[in-house]
Amino acid sequence: MSKTYDPQQIESAIQQRWQAQGAHRADRGEGERFYCLSMFPYPSGKLHMGHMRNYTICDVISRYQIMQGKQVLQPMGWDAFGLPAENAAMANKVPPAQWTRDNIAHMRDQLKALGFAIDWDRELATCDPSYYRWNQWFFLRLLERGVAYQKTGVVNWDPVDQTVLANEQVVDGRGWRTGAVVEKREIPMYYLRITDYADDLLTALDDLPGWPERVRTMQANWIGKSEGAEVVFECGEHRIEVFTTRPDTLMGATFMAVAAEHPLAKEASQGRPDIEAFIESCQQGGVSEADLATQEKRGIDTGLKATHPLTGESLPIFIANYVLMSYGSGAVMAVPAHDARDFEFALQYKLPIKPVIGLPDGREYDATEWHEDYATKTGSLVHSGPYDGLSCAEGFEAIVADLEKKGAGRRTTQYRLRDWGISRQRYWGCPIPIIHCDDCGSVPVPDEDLPVVLPEDLVPDGSGNPLNRCESFLNVDCPKCGRAAKRETDTMDTFVDSSWYFLRYTCPDNSEAMVDHQTQSWMPVNQYIGGIEHAILHLLYARFWTRLMKDEGLVQISEPFEHLLTQGMVLAETYYREDDSGRRQWFNPKDVETEHDAKGRVVSAHLISDGQAVIPGGVEKMAKSKNNGVDPAELVARYGADTVRLFSMFAAPPEQSLEWSDAGVEGAWRFLKRMWTGVQAHVDAHPSVDASRGEGIERQEALDLRRQLHEAIKKVGDDFGRRYAFNTAIAAVMALSNEIAKFEANNEAEVALVQECWEGVVMMIAPVTPHISEALWNTLGHNSSVFATGWPRCDESALVRQQITMVIQVNGKVRDRMDVAPGLDQDSIESLAKNSENTARFLDGKTIRKVIVVPDKLVNIVAT
RNA sequence: GCCGGGGUGGCGGAACUGGUAGACGCGCCGGAUUCAAAAUCCGGUUCUGGAAACAGAGUGGGGGUUCGAUUCCCCCCCCCGGCACCA
């Protein structure tokens with residue numbers, strides 16, 4: 001190998017060696033299996049830093065597990081259907097299929113340059129008929145079982161383009177291309193009964209100790225199980241059913257509110273143009289929950305009255321835009337005194353607010369301003385007639401019991417989770433295998449006619465799904481009666497594709513079945529890695545889909561992912577200039593230079609090309625709109641993959657956001673160069689040395705170095721294997737390297753120690769920087785691969801210290817330190833501490849009240 | 001709006017179970033090497049005062065528990081992720 005570190009030459013040579021040896025094929029040996037998976041990428045064009053980070057984390061864990069002797073499966077594929085391909089098609093007049101496949105080819109090359117231990121033989125793309133035919137096949141099974149069904153759903157409708165918009169395409173209630181005010185529209189769609197699995201998906205979260213707590217909490221809240229009661233209010237001959245989690249506040253209900261889509265709203269609008277206009281106005285704007293929840297609360301009195309089931313009081317019924325038809329029954333009993341949304345509405349429409357729960361510490365209820373504790377469940381009932389004095393829990397029971405007696409309600413459980421609508425009015429997705437026949441209705445495509453292949457030559461133009469105009473796709477004979485019929489043109493939500501791809505990796509070539517016996521031998525995925533933005537939807541759907549496949553007898557597990565790691569975003573500094581109209585022009589960090597003051601603070605920045613000032617705009621997520629993306633391919637070309645991998649693992653722990661820094665990349669590069677020259681210098685001076693096992697090492701410096709090596713082995717193994725704290729693992733290896741460089745070997749035993757240390761460094765950094773590690777492992781005299789050597793073992797005997805430094809505190813402040821033998825008894829520690837020079841000054845004239853000793857760490861003397 | 005997470009030197013971060021705040025890296029300052037520069041190497045670097053020893057302050061803000069709090073509890077501010085058709 002070369003005397004100077006030449007990453008391009010090393011990396012291509014090592015990658016060729018891996019390729020020739022089939023080093024990353026997963027199906028080779030016996031032994032414990034480890035399935036290490038990252039969320040597959042959407043093929044957007046080129047690899048970005050977020051991908052790079054995700055796959056590096058996955059590769060580090062995979063390679064660490066390989067060094068633990070496991071059979072590791074690390075696959076890769078493409079989440080290849082979706083909206084961006086249609087947008088690109090509109091912009092470039094290129095069919096989504098071609099655009100997508102070109103992107104895949106390019107990104108595959110970029111991934112390969114990074115040296116990941118991926119088994120490329122298992123690559124799949126969800127836009128391939130060989131993959132999505134199983135979406136279709138399984139959908140038909142779900143239809144047979146009644147898990148899939150049809151009902152109407154509400155979508156964003158752009159009245160100008162005459163097309164359905166994604167929530168992302170609705171900006172401030174208007175279509176992003178046309179600027180037209182979006183309307184809500186009901187259309188028929190296919191749904192999956194995920195709500196039947198709500199309780200199971202919720203309770204099984206407790207069986208996922210390998211998932212981050214926050215993800216489990218978010219999923220639990222999303223499913224949103226609430227115990228409460230259904231209460232019936234009568235309105236003429238109508239019965240309005242409402243769900244409430246707080247039946248204990250029923251005596252405080254002062255009005256009712258129904259959604260604009262509620263049947264009662266429609267009835268109230270008869271002969272009332274004002275109500276009709278209000279309902280119509282509610283149809284404007286997008287359907288996303290964030291939009292609905294942040295819009296101004298508006299309502300209108302229907303003039304109808306409901307009867308309070310316990311008091312017989314007459315309550316006005318409002319139509320309100322904050323009541324959602326999709327949750328519960330689309331109607332609420334409003335208790336403004338104890339619900340923030342009802343409170344705001346009551347204030348606005350001057351409706352009575354009647355407190356029925358006493359506030360803690362006997363405070364007066366102030367009906368002019370909402371306070372968080374108005375929603376308390378800890379007070380007791382007041383102004384509630386026969387229920388006065390009961391606690392909220394007792395009131396809940398008593399009121400529900402009375403409602404049940406009267407047949408006006410019952411205890412019930414409600415979920416926030418809604419059934420999963422999988423129909424999309426889009427072209428670039430998996431066709432839903434249904435044929436619409438005038439005589440036979442919606443007819444499933446027979447299994448033998450699968451897959452329903454998506455034509456790949458269409459180019460969407462923004463005016464709806466081009467499949468609707470594709471006669472060769474549309475026209476088909478009805479499988480039942482044989483007469484002319486039309487294919488369904490809706491395609492499936494791309495979350496369907498991503499709900500089971502991890503199963504298909506285990507048997508990608510099986511053309512006879514969706515999954516097979518190999519699936520069981522790899523599942524569940526031992527470690528899943530992906531962005532926190534997928535914490536709810538993708539992960540919940542994948543858990544649900546796995547259960548559906550289990551119910552179909554295709555797999556034997558319910559939970560697909562044993563351990564989950566959610567990686568943070570990749571950020572970079574932004575720079576901009578503002579023109580006269582306030583419009584910002586953004587500059588890429590690589591085109592900008594910064595000036596510092598004497599303390600290193602950034603004081604100004606300028607564009608390299610024209611030398612004129614630019615304004616630092618803060619650190620933001622890498623995005624096209626801010627032009628702050630850093631291209632991993634460029635960095636790999638300049639520094640090699642190992643440097644880029646090293647920096648991205650070193651700069652932050654995987655779960656946190658990572659701030660990109662070119663200077664930081666330089667630092668990683670310098671470390672690898674130092675490691676390279678350090679090993680070369682050692683081997684040049686002492687070729688063919690066997691690594692020490694501690695014999696004959698006597699000098700204190702040598703004992704200290706060996707202790708640091710074995711402390712590092714212990715720490716790095718723990719950081720890689722348990723904590724996934726790659727940044728601190730790398731820091732420990734860097735610190736050890738610095739110590740080795742300072743050390744001068746005086747005899748043979750010490751030369752062997754240096755050999756042992758460098759071997760340790762090379763092995764420990766190997767999961768992060770595999771190419772240089774392979775090369776240096778050979779330089780150190782080994783013919784094998786560093787990944788075949790196993791993980792270095794910690795020699796506990798090397799960890800023993802002669803002396804440790806203890807901290808002496810007086811009243812919690814560090815005043816002195818002392819060197820003592822480990823395990824020194826409490827009394828000796830106390831007396832040493834009291835007599836230490838600096839400590840005495842602070843004890844002078846004071847009485848010692850207490851002495852706390854933390855063995856081998858610290859003494860705290862409390863004195864007044 | 002609702003749910004979840006975060007805030008520590010000039011910067012990225014460390015401190016894992018309540019026990020020495022700032023490991024490691026970047027930047028900056030000083031020095032060596034060099035005709036010079038780049039590269040490399042050595043030393044310093046939380047802030048304030050001090051020549052130093054050392055002292056005081058300090059983990060977004062305010063309060064609390066504790067011998068001791070970045071860590072636990074309460075309130076507040078700011079930033080980020082998700083909200084069911086972006087993936």
Side-chain angles (χ1 to χ4, degrees), chain A residues 39 41-42 44 79 82-84 87 153 155-156 164-170 212-215 217-218 220-222 224 287-295 297 322 326 340-341 344 416-418 420-421 423-426 493-495 498 531-538 540-541 566 568-569 571 596-602 618-619 621 647 650-653 655-668 670-671 673-674 677 718-719 722-723 725 727-728 730-735 738 805-809 811-814 817 838 849-852 854 857-858 860-862:
Chain A
M39 292 180 184
Y42 179 81
S44 54
D79 187 12
L83 209 47
N87 294 332
V155 294
N156 303 304
V164 175
L165 298 178
N167 283 337
E168 173 189 64
Q169 299 171 315
V170 178
E213 187 68 44
R214 59 173 160 157
V215 176
T217 305
M218 279 192 267
N221 291 340
W222 184 262
V287 299
S288 84
E289 195 193 272
D291 286 346
L292 297 174
T294 50
Q295 68 189 353
K297 289 189 179 39
Y322 72 95
S326 54
R341 287 164 310 174
E344 192 188 325
R416 205 186 76 98
L417 184 68
R418 309 198 294 260
W420 176 14
S423 296
R424 297 291 178 270
Q425 296 69 45
R426 311 208 182 284
D493 182 4
T494 54
F495 277 125
S498 55
I532 183 67
E533 66 273 20
H534 296 291
I536 296 175
L537 289 178
H538 161 61
L540 189 66
Y541 291 145
T566 50
M569 297 176 305
L571 320 174
H596 307 260
D597 67 8
K599 289 194 170 161
R601 273 182 287 249
V602 173
V619 175
K621 180 178 177 175
F647 173 73
F650 176 64
E655 303 228 311
Q656 277 179 40
S657 58
L658 177 148
E659 194 176 314
W660 199 263
S661 147
D662 287 344
V665 178
E666 286 279 348
R670 282 204 284 267
F671 169 72
K673 273 198 293 189
R674 276 202 303 275
T677 51
D718 189 48
D719 282 354
R722 178 183 66 91
R723 294 212 304 152
N727 56 329
T728 54
I730 293 164
V733 175
M734 286 176 167
N738 293 341
T805 303
M806 286 187 72
V807 162
I808 307 168
Q809 298 184 333
N811 293 330
K813 289 195 172 178
V814 179
R817 282 158 226 275
N838 203 42
R849 304 289 173 192
K850 204 171 174 183
V851 179
I852 287 134
V854 182
K857 278 201 170 154
L858 121 176
N860 187 14
I861 301 168
V862 185

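The chains referred to below are lettered A, B, ... by the order of the sequence lines, with proteins before strands, and numbering in each begins at 1.
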Next item on the list: Indicate for each nucleotide in nucleotides 14-21 of chain B, in 5' to 3' sequence, whether protein heavy atoms under 4.0 Å reach the base (B), only the sugar-phosphate (S), or nothing (-).
Entry: SSB--BBS

Please measure how far the [atom1] atom in [N] lies from the corresponding atom in [M], and state the result in whole Å.
N     : M     : atom1 : value
B/U65 : B/C28 : P     : 46 Å
B/C74 : B/C3  : P     : 15 Å
B/G6  : B/A14 : P     : 12 Å
B/C76 : B/C29 : C1'   : 40 Å
B/U71 : B/A15 : P     : 15 Å
B/G62 : B/C42 : C1'   : 46 Å
B/G64 : B/C54 : C1'   : 33 Å
B/G27 : B/G22 : P     : 22 Å

Closest contact, heavy atoms only, [X] versus [Y]:
X        : Y        : value
A/Ala652 : A/Ser657 : CB-O, 3.7 Å
A/Asp79  : A/Thr494 : OD1-O, 4.3 Å
A/Thr566 : A/Pro212 : OG1-CG, 4.2 Å
A/Gln169 : A/Asn87  : NE2-OD1, 4.1 Å
A/Phe647 : A/Glu659 : CZ-O, 4.0 Å
A/Arg426 : A/Val164 : NH1-O, 3.7 Å

Margin query: Using side-chain contact (heavy atoms from CB on, under 4.5 Å), reason through A/Asp719 and A/Ile730 one step at a time and then give a plain yes or no.
Written below: CA-CA 9 Å; A/Asp719 282 354; A/Ile730 293 164; over 6 Å; no

Across the strands shown, which category fits [X] at heavy-atom distances under 4.0 angstrom: base, sugar-phosphate, nothing?
X        : result
A/Asn738 : sugar-phosphate
A/Arg674 : sugar-phosphate
A/Val215 : nothing
A/Val164 : base
A/Ile730 : nothing
A/Tyr42  : sugar-phosphate
A/Ser657 : sugar-phosphate

Note to self: The criterion is salt bridge (Lys or Arg N to Asp or Glu O under 4.0 Å); which residues satisfy it with A/Arg674, sequence neighbours excluded?
What the structure shows: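 With neighbours one apart ignored, the set is empty.
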
So, taking the atom named [atom1] in [X] and the one named [atom2] in [Y], what distance separates them when rounded to the nearest 0.5 Å?
X        : Y        : atom1 : atom2 : result
A/Arg817 : A/Gln809 : CZ    : CD    : 10.0 Å
A/Leu571 : A/Leu658 : CG    : CG    : 7.5 Å
A/Asn811 : A/Lys850 : CG    : NZ    : 11.5 Å

May I have the distance from [X] (atom [atom1]) to [N] (atom [atom2]), rounded to whole angstrom?
X        : N     : atom1 : atom2 : value
A/Glu666 : B/U40 : CD    : C1'   : 13 Å
A/Ile861 : B/C67 : CD1   : C1'   : 11 Å
A/Leu540 : B/C83 : CG    : P     : 13 Å
A/Tyr322 : B/C83 : OH    : P     : 25 Å
A/Phe647 : B/G12 : CZ    : P     : 11 Å
A/Leu571 : B/G6  : CG    : C1'   : 12 Å
A/Phe495 : B/G82 : CZ    : P     : 11 Å
A/Trp222 : B/G4  : CH2   : P     : 13 Å

Item checked: Test side-chain contact (heavy atoms from CB on, under 4.5 Å) applied to A/Val851 and A/Asn860, step by step -> CA-CA 6 Å; A/Val851 179; A/Asn860 187 14; over 6 Å; no

Where the side chain of [X] is defined as all heavy atoms beyond and including C-beta, which of [options] is the nearest nucleotide?
X        : options             : value
A/Ala731 : B/G27, B/A23, B/A57 : B/A23
A/Thr294 : B/G1, B/C24, B/A84  : B/G1
A/Ala290 : B/A84, B/C24, B/C83 : B/C83
A/Val862 : B/C86, B/G25, B/C67 : B/C67

Item checked: Listed partners of A/Ile536 passing side-chain contact (heavy atoms from CB on, under 4.5 Å), at least two apart -> A/Met218, A/Trp222

Next item on the list: Give the stems involving RNA chain B, where a stem is 3 or more consecutive Watson-Crick or G-U wobble pairs (i with j, i+1 with j-1, and so on) under 3.5 Å.
Entry: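 Stem segments, range with range: B:1-7 with B:77-83, B:10-12 with B:24-26, B:27-32 with B:40-45, B:46-49 with B:54-57, B:60-64 with B:72-76.
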
Next item on the list: For atom CZ of A/Arg416, decide whether the heavy atoms of other residues, nucleotides or ligands shown that lie under 6.0 angstrom number more than 12.
Entry: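 It does: A/Arg416 CZ has more than 12 such atoms within range.
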
For [X] and [N], is the shortest distance between a side-chain N/O and OP1 or OP2 below 4.0 Å?
X        : N     : value
A/Thr494 : B/A87 : yes
A/Arg416 : B/C2  : no
A/Arg424 : B/C85 : yes
A/Arg670 : B/G27 : yes

Next item on the list: Return yes if the base of B/C85 and the side-chain atoms of A/Gln425 contain a donor-acceptor N/O pair under 3.5 Å, otherwise no.
Entry: yes

Any [X] side-chain heavy atom under 4.5 Å of [Y] side chain:
X        : Y        : answer
A/Phe671 : A/Phe650 : no
A/Glu655 : A/Arg214 : yes
A/Asn167 : A/Asn156 : yes

Item checked: A/Lys813 vs A/Ala166, nearer the 5' end of RNA chain B by closest nucleotide ->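 Counting from the 5' end, the first nearest nucleotide belongs to A/Lys813.
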
Margin query: Return whichever of A/Gly82 or A/Gly667 has its heavy-atom-nearest nucleotide of RNA chain B closer to the 5' end.
Written below: A/Gly667

Could you pull out the protein-nucleic contacts involving nucleotides 70-81 of chain B (nitrogen or oxygen on both sides, under 3.5 Å)?
none

Can you pull every protein N or O that's under 3.5 Å from an N or O on nucleotides 51-54 of chain B?
residue	atom	partner	partner atom	Å
B/C54	O3'	A/Arg841	NH2	3.2

Item checked: A/Tyr541 and A/Trp420 aromatic ring geometry - parallel, tilted or perpendicular at 30°/60° bounds -> parallel

Check: Pick one for B/G12: is it syn, with its angle within 90° of 0, or anti?
Finding: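 Anti conformation for B/G12.
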
